[in-house]
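Heads up: numbering here begins at 1 and tracks the sequence. Since the structure is predicted, the reported quantities are computational estimates derived from the model, not experimental observations.
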Amino acid sequence: MKKLNKLFACLIVLFTAGATAAFAQQITRFGVVDTSKVYSAYFRTSTAVRNYEKKRSEFQDEITRLTDELRSLQQKKLEFEKNENSAQALKVEAEITKKKDYLTEYTNAKNVELESMKKSLQTSDEFYKKLYKTLEKIAESGGYSMILSLQESNSILWYSNSVDITDQVISDLGL
């Protein structure tokens, strides 16, 4: 009888372990990623973004310099007008008009150039290749069946912070 009880107990343990394993395999794990947060972290340290920021700063410095020149010329014009020297005031007015036109053209051209650089950064294949490899590694090692982007789907109405792997993605990307 004791042997029968032991055998019965072993069968119950095996059955329970088997049922638990089967049940565990049926649970689907989801993860969510705030891709805009990852994107910001990645490009904050990227050489391409630093180049963009440097260009933007250089352009702004030049615009500031040109604007200061215009202010100086406008001040000169006011002084000539105050001293009733209309011939000099007209010459300065012509120079002001010429510099204003140049400033407008320069600003428009540089804004187009910066916008083009920005779009190039946002569609970087290098970033997405790294992101997908990192997501794949995290999903496989963490047992996730699916990783969803918070930005790409309007169907995510609620999620638990326990499934948010954004910080792990940023860390694994070395950011």
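- Residues passing the salt bridge (Lys or Arg N to Asp or Glu O under 4.0 Å) test with E58: none are found, sequence neighbours excluded.
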Distance-only check: which donor-acceptor pairs under 3.5 Å involve side-chain atoms of residues 104-112, not counting sequence neighbours?
{"from": "T104", "atom 1": "OG1", "to": "K100", "atom 2": "O", "distance (Å)": "3.0"}
{"from": "T107", "atom 1": "OG1", "to": "L103", "atom 2": "O", "distance (Å)": "2.8"}
{"from": "N108", "atom 1": "ND2", "to": "T104", "atom 2": "O", "distance (Å)": "3.3"}
{"from": "K110", "atom 1": "NZ", "to": "E113", "atom 2": "OE1", "distance (Å)": "3.4"}
{"from": "N111", "atom 1": "ND2", "to": "T107", "atom 2": "O", "distance (Å)": "3.3"}

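- Partners of D68 under the side-chain hydrogen bond (donor to acceptor under 3.5 Å, both in side chains) rule, at least two apart in sequence or in another chain, are R71.
- With respect to K77 and E81, a salt bridge is recorded, a charged nitrogen being found less than 4.0 Å from a carboxylate O.
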Intermediate values then yes/no, side chain to side chain contact (heavy atoms under 4.5 Å, CB included), K37 and D167 = CA-CA 9 Å; K37 185 177 175 183; D167 292 334; 3.0 Å; yes
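- Of the options I138, I170, V32, T134, a side chain to side chain contact (heavy atoms under 4.5 Å, CB included) to I165 is made by I138 and by none of the others.
- Separation of atoms OG1 (T67) and CD (E62) is listed at 9.5 Å; rounding is to 0.5 Å.
- Summarising the geometry, atom CD belonging to Q74 is positioned 5.0 Å from atom CD1 belonging to I96; distances are rounded to the nearest 0.5 Å.
- Hydrophobic clustering (ILVMFWY, side-chain heavy atoms < 4.5 Å, transitive): L73 and L90 are in distinct clusters.
- Here the CG-NZ distance, from N51 to K54, works out to 7.0 Å after rounding to the nearest 0.5 Å.
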request  = Please assess V38 against V33 for the test side chain to side chain contact (heavy atoms under 4.5 Å, CB included), listing each intermediate value before the final yes or no.
outcome  = CA-CA 8 Å; V38 174; V33 176; 3.8 Å; yes
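- For the salt bridge (Lys or Arg N to Asp or Glu O under 4.0 Å) test, no residue two or more places apart in sequence or in another chain qualifies with K76.
- When atom types are taken as modelled, the side chain of T166 and the backbone of D34 share a donor-acceptor pair closer than 3.5 angstrom.
- Without hydrogens or angle criteria, R29 side chain to M146 main chain gives no donor-acceptor distance under 3.5 Å.
- Under the 4.5 Å side-chain heavy-atom criterion for Ile, Leu, Val, Met, Phe, Trp and Tyr, L78 and V92 are members of distinct hydrophobic clusters.
- Here the closest heavy-atom approach between residue L66 and residue Y102 is recorded as CD1-CE2, 3.7 Å.
- Pairs of residues two or more places apart, or lying in two chains, that qualify as salt bridge (charged side-chain N to carboxylate O under 4.0 Å, His left out) and include a residue from residues 131-142 are K137-D172.
- Looking at residues two or more places apart in sequence or on another chain, you find a salt bridge (Lys or Arg N to Asp or Glu O under 4.0 Å) between E69 and R65, K99.
- Atom-to-atom distance recorded for Y52:OH and S57:OG is 11.5 Å, nearest 0.5 angstrom.
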Verdict with reasoning, R56 to E53, per salt bridge (charged side-chain N to carboxylate O under 4.0 Å, His left out) = CA-CA 5 Å; R56 190 171 64 94; E53 292 297 331; 2.7 Å; yes
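- Rounded to the nearest 0.5 Å, atoms CZ (F30) and OG (S145) are 6.5 Å apart.
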